[in-house]
Amino acid sequence: MAAFSAVKIPPPQFTTVRSSSQRPGSSPAHFAHSPSAFNSISFGSAKSVRSRPLFAVSSDVVSSDKTKPASSSAFIVNCDMIWRSRLVHCLVVAVTREVALELYEDMVLGRAFEDMCAQMYYRGKMFGFVHLYNGQEAVSTGFIKLLNQSDKVVSTYRDHVHALSKGVPSREVMAELFGKATGCCRGQGGSMHMFSAAHNVLGGFAFIGEGIPVATGAAFSAKYHHEVLKQSKPEGLDVTLAFFGDGTCNNGQFFECLNMAQLWKLPIIFVVENNLWAIGMSHLRATSDPEIWKKGPAFGMPGVHVDGMDVLKVREVAQEAIARARRGEGPTLVECETYRFRGHSLADPDELRKPDEKAHYAARDPIIALKKYIIEHGLASESELKSIDKKIDDVVEDAVEFADSSPLPPRTQLLENVFADPKGFGIGPDGKYRCEDPLFTQGTAQV
Amino acid sequence: MASLQMAALLSAPSTPVPSDRVRLGALRLSASSSSTARNGGALVVRSEAKVSGGGASARGLSLITHAVAEKAAAASSADSKPGHELLLFEALREGLDEEMERDPTVCVMGEDVGHYGGSYKVTKGLATKYGDLRVLDTPIAENSFTGMGIGSAMTGLRPVVEGMNMGFLLLAYNQISNNCGMLHYTSGGQFKIPIVIRGPGGVGRQLGAEHSQRLESYFQSIPGLQMVACSTPYNAKGLMKAAIRSENPVVLFEHVLLYNLKERIPDEEYVLSLEEAEMVRPGEHVTILTYSRMRYHVMQAAKTLVNKGYDPEVIDIRSLKPFDLYTIGNSIKKTHRVLIVEECMRTGGIGASLRSAIIDNFWDYLDAPILCLSSQDVPTPYAGTLENWTVVQPEQIVAAVEQLCK
């Protein structure tokens, strides 16, 4: 079986609803690959249909027409747009050597970093709740590597790798995890609150779902800058990616934001990392209709399901979704079927997931798959890949050393940053603003 | 002595008011939130009669319970321009309009703020002037659109989020507490959230329990948030502008019953300080600390008290979080007796925090226990009589002062 089954687009069908719609976007440069870069890949009809428990099914029917047999790894598309009038290409994810190596390196960084986090946690260097991303790297890499610097990423508590993919230096992330003053949030955020203004990472949120409205706001801001402030960019609107999981898709904020994003055609992509489990709650036990991509069309936006263990497929979907958003065509809901190789967090004994489910997904390890692809297509040699592995190991080691040797936050840091304008602490009995009190800057004032 | 009518609260007085009643200190022509020094009297407005020497005798100066239009404006002091008269909701709108004009990143989001003009008409006409994106009509999803406001504040905009009724913002508590209050800190200072969250709250006229809530007590614990309450057209406009210009997240509490208050406010631009309290009526015998609608009940009671020979000092604290300990402290050092009158519930209310702050800071100056009159810990009933008994009435205030000054 080919490492990557091709992305197959079913011939245009259906169309429920929205036929009134707009003609699908002007320029269908949907897949912006230059023909010369195409590598042909054999189309595996690939995966056998799994038995129910490992749901993550892809069906290729968007409407309620259930007569079509479920074929694996097909694209589900919303009647409304984009892929509808697509010429049937053999859709091959064309990727150059540079891109392939970039993707490989990024995924390896994600994996190595998270593995190091586990080590450091058990050695008592980091505390609290730490949620690792092992196994899901294809989603982060597949999407984030397509973004510009000014595009925004909003994540959940499983955010280390999103931050790394967006460009936040490993040193800063590791130092933050160690609770040091040199961390990206000065040690004040921790594992679940990775923020970077320089790289436009808007968090890191501990409660599920609460980042989605923030992401919607960032997308609103992008539209506002373009339409009201007239600060338009030639490449189009700044895009915001909101990452969240299957559990979040049962939360009100998710639905409210799908509505608003589509209503105002905000440049946002809702990326669902469906790893089938919300701590110990199976997605199937929590959700009346487990096919999350379907919830997109319910709000009038495209809903796409993609194999989230396959970075090239994810990248392809991401490319299209991002292009749509940039053109101002609005949001997309992308459901990525993925899996976390470790427990929910480092405190999770992970007893409920069955060994065969874990084995199934372990066999679809995105890094191994990409490696295989690269070698099979002659994009790089084994030793080049190994040297990337080594390079990343060094980066991660360096990050640990940096974090280890960084200072802890001093007392003086306690009261800074509570308010952007520290006058917010008010006026003291002596008539002066509290923040002018020297005890304040020492961090020992009582507030 | 005249009996006090509650109904007089919102209507014009029958007696003409002294022409220089509204005396404004130095007006700031531009906001300078950068100045950290306090100018003693610069932004203090006295909306009541002048201080009469040191004595408590009322010399027939009427202590009006509300800021009213100045009919005899002609004889105003030569310094100030005549100003213009408007209602409180118009003052809010004026402040908002001025800020939106001045800074194109200021935008409004909320239910029915756009085409409908706001359920209390605070945003009337703004959508026509600024467009649907700047005055955004949202679907009914408080948690999400408040979060949206926070996200846009983090990315360069200055949103003003309106809760159609403050009570609705309970649905947005997740976003207000976790994101609004915390993100500046948890991001290590990388993102600021210059958002204003505003809306009408408080007990109205038989609106029922859910529409009569006072959220200031629920929000006060949230670190990173500032809270102010307006009570007159003058301070409404000034606080609105200050809140919008502030880099901090600010919750601006308005009151359903105060929207139709009329006052003459200056034509010149002015911005008030978010952290300062307002001296409403200077006095010698007792310090009465209050805010929002209770200010008027207090002033109503003050009329009676003056007639009985007391000289209450009334301070509208305005800044619910943080407290202006300077103004409050100076007053306590003078009078040694404190009465807090608030509309929150007793348990965990603003009064409870204020009492505790006063004890921490001014214990030595107190001659009597601090009295706190709050609403009963009762869901606001619909029936008018019951509703009246849940909130503090002027008679109770008079009785409390008498007790304090025994």
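Predicted, not measured: the structure shown is a model, and the values here were computed from it. Within every chain, numbering begins at 1; the chains are lettered A, B, ... in the order of the sequence lines, protein sequences first and strands thereafter.
With a 4.5 Å cut-off on side-chain heavy atoms, B:Q175 and A:Q253 count as touching. A:R434 places none of its side-chain heavy atoms less than 4.5 Å from the side chain of B:P322. Between A:L263 and B:P139, some side-chain heavy-atom pair lies under the 4.5 Å cut-off. Taking the side chain as every heavy atom from C-beta outward, A:Y224 and B:C107 approach each other to under 4.5 Å.
Rounding to the nearest 0.5 Å gives a distance of 8.0 Å between CD of B:E142 and CD of A:E256. Rounding to the nearest 0.5 angstrom, the gap separating the CG atom in B:N178 from the CZ atom in A:F205 is 9.5 Å. Atom OG of residue B:S152 and atom NZ of residue A:K223 lie 13.5 Å apart, to the nearest 0.5 angstrom. Rounded to the nearest 0.5 Å, atoms CD (A:Q413) and OH (B:Y185) are 7.0 Å apart.
Of the possible polar contacts, one joining the A:S221 side chain to the B:T155 backbone as a donor-acceptor pair under 3.5 Å is found. Without hydrogens or angle criteria, A:D421 side chain to B:N248 main chain gives no donor-acceptor distance under 3.5 Å. Looking only at distances, a side-chain donor or acceptor of B:Q190 sits under 3.5 Å from a matching main-chain atom of A:A197.
Residue B:L133 comes nearest to A:F220 through the heavy atom pair O-CZ, 3.6 Å, listed as atom of the first residue, atom of the second, then distance. When all heavy atoms of A:M260 and B:F145 are compared, the pair lying nearest together is CE-N, 3.9 Å. In plain terms, the two heavy atoms of A:F195 and B:L183 that are nearest each other are CZ-CD2, 3.4 Å. When every heavy atom of A:I427 is checked against every heavy atom of B:E275, the shortest pair comes out as CD1-O, 3.7 Å. Contact between A:P213 and B:S144 at its shortest, heavy atoms only, is CB-O, 3.4 Å.
Of the atoms belonging to A:L414, heavy atoms from both backbone and side chain fall under 4.5 Å from chain B. Contacts between B:T105 and chain A at a heavy-atom distance below 4.5 Å involve backbone atoms as well as side-chain atoms. Heavy-atom distances place no part of B:L274 under 4.5 Å from chain A, backbone and side chain included. With a 4.5 Å cut-off on non-hydrogen atoms, A:E416 touches chain B through its backbone but not through its side chain. For A:S196, the parts sitting under 4.5 Å from any heavy atom of chain B are the backbone and the side chain alike. When heavy atoms are compared at a cutoff of 4.5 Å, B:S319 does not approach chain A at all. Of the two parts of B:N174, the backbone and the side chain both hold a non-hydrogen atom closer than 4.5 Å to a non-hydrogen atom of chain A. In this structure, the portion of A:N259 lying under 4.5 Å from any heavy atom of chain B is its side chain and not its backbone. Looking at A:V201, the atoms closer than 4.5 Å to chain B (heavy atoms on both sides) all sit in the backbone: N, CA, C or O. Looking at B:F362, only its side chain comes within 4.5 Å of chain A, counting heavy atoms on both sides. With a 4.5 angstrom heavy-atom cutoff, A:L229 touches chain B only via side-chain atoms.
When each of B:I328, B:N143, B:I150, B:I193 is scored by its heavy-atom pairs under 4.5 Å with chain A, the top score falls to B:N143. Comparing B:M109, B:K321, B:R134 by how many heavy-atom pairs each has under 4.5 Å with chain A, the most go to B:R134. Looking only at heavy-atom pairs under 4.5 Å with chain A, the residue among B:L225, B:T146, B:L136 that has the most is B:L136.
For the side-chain contact (heavy atoms from CB on, under 4.5 Å) criterion with A:F419, the lone passing option out of B:K192, B:E247, B:H184, B:Q226 is B:Q226. Checking B:N330, B:L325, B:D324, B:D360 one by one against A:P429, the side-chain contact (heavy atoms from CB on, under 4.5 Å) holds for a single residue, B:L325.
More than 12 heavy atoms of other shown residues, nucleotides or ligands fall within 6.0 angstrom of atom CD in A:Q149. Remark: A:F207 CZ is loosely packed, at most 12 non-hydrogen atoms of other residues, nucleotides or ligands lying under 6.0 Å away. No more than 12 heavy-atom neighbours from other residues, nucleotides or ligands sit within 6.0 angstrom of OH on B:Y365.
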- Message: Checking B:T138 against A:W264 for the side chain to side chain contact (heavy atoms under 4.5 Å, CB included) test, could you report, in this order, the C-alpha distance in whole Å, the side-chain angles of both residues, the deciding distance, and whether it holds?
- Response: CA-CA 10 Å; B:T138 61; A:W264 298 314; 4.1 Å; yes

